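Since we're looking at a predicted model, the values are computed, not measured.
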Amino acid sequence: KSMGKHKQKKHVQEEDAAEPVVDAEPQEAEVEEAAAAPDGAKVRRPQVKMSYEEQLNYVTPIANPMAPKKVNKKLLKLIRKAKRGKKVHQGVKLIPKLIVKKRQSGIVVIAGDVTPIDVVSHLPLLLEEHSVPYCYSPSKREIGAACGSRRGIALVFVQRHDDFGDLFDKMRDKLLELPLPIS
């Protein structure tokens, strides 16, 4: 007398439909959940703000050169300004195209906590071949927030613009001063 799963579910649904609904009032727990999250709204998890030193604990070992704390802070500021001027490009597929095919110049910030690291591991060699300064930042979440996204972003390409040219030039010089990993 075994019924398949599909037939069992169908059988149970028919029994439920035949019974009259006695209690149409929602339970208290359901009311509290509905008040906390209206229909269609996603419940946001609280974000834990970590210090620069704590973020470094989650960075992959190949993330070198890592931006120092002050340089990282200024890079995120540069990304925010460049986003307003629409001079920021993001994405692992787009940035190599901009550098290799379109010969664009700028600076690249790579997230150091990307998993799997194979996603971005080929980029430092490409950037060095095309003389594009780059560095790693400890948090993809911070890069994403600087770009105005709620999601983490693995890679950002910033181009120079007159509105933030001084900051761009300073950051370019700082990135060129960082020691490159030994090849």
At their closest point, which heavy atom of Gly112 faces which heavy atom of Ala63, and how far apart are they?
-> CA-CB, 4.1 Å
Taking atom CG of Asp173 as the centre, report whether more than 12 heavy atoms of other residues, nucleotides or ligands fall under 6.0 Å from it.
-> yes
In short, Ala146 meets Lys83 closest at the heavy-atom pair O-CB, 4.3 Å
Mind listing the closest non-hydrogen atom pair of Lys97 and Lys93 along with its distance?
-> CG-O, 3.6 Å
Phe164: which other cluster members, linking ILVMFWY side chains closer than 4.5 Å, directly or transitively?
-> Val71, Leu75, Leu76, Leu78, Ile79, Val88, Ile107, Val109, Ile143, Ile153, Val156, Val158, Leu167, Phe168, Met171, Leu175, Leu178
So how far is it from Leu155 CG to Ser137 OG, rounded to the nearest 0.5 Å?
-> 11.5 Å
Which heavy atom of Tyr134 sits nearest a heavy atom of Glu128, and at what distance?
-> OH-OE2, 2.8 Å
Taken in chain and number order and not counting sequence neighbours, the residues that satisfy salt bridge (charged side-chain N to carboxylate O under 4.0 Å, His left out) with Asp169 are Arg160
Using atom types as modelled and distance alone, determine if a side-chain donor or acceptor of Asp113 lies under 3.5 Å from a backbone N or O of Lys140.
-> yes
With sequence neighbours excluded, residues passing side-chain contact (heavy atoms from CB on, under 4.5 Å) with Lys170 | none
If we ignore angles and hydrogens, is there a donor and acceptor under 3.5 Å between the side chains of Gln159 and His89?
-> yes
Sorted by chain and number, sequence neighbours left out, side-chain contact (heavy atoms from CB on, under 4.5 Å) with Leu126 holds for Pro96, Val100, Leu123, His130
Using the test side-chain contact (heavy atoms from CB on, under 4.5 Å), find all partners of Glu54 that sit at least two apart in sequence or belong to another chain.
-> Met50, Ser51
Under the side-chain contact (heavy atoms from CB on, under 4.5 Å) rule, collect the residues that match up with Lys70, sequence neighbours excluded.
-> none
Does Arg141 use its side chain to pair, donor to acceptor, with the backbone of Arg150 at less than 3.5 Å?
-> yes
Short side-chain to backbone donor-acceptor contact, Ser139 and Glu142, under 3.5 Å | yes
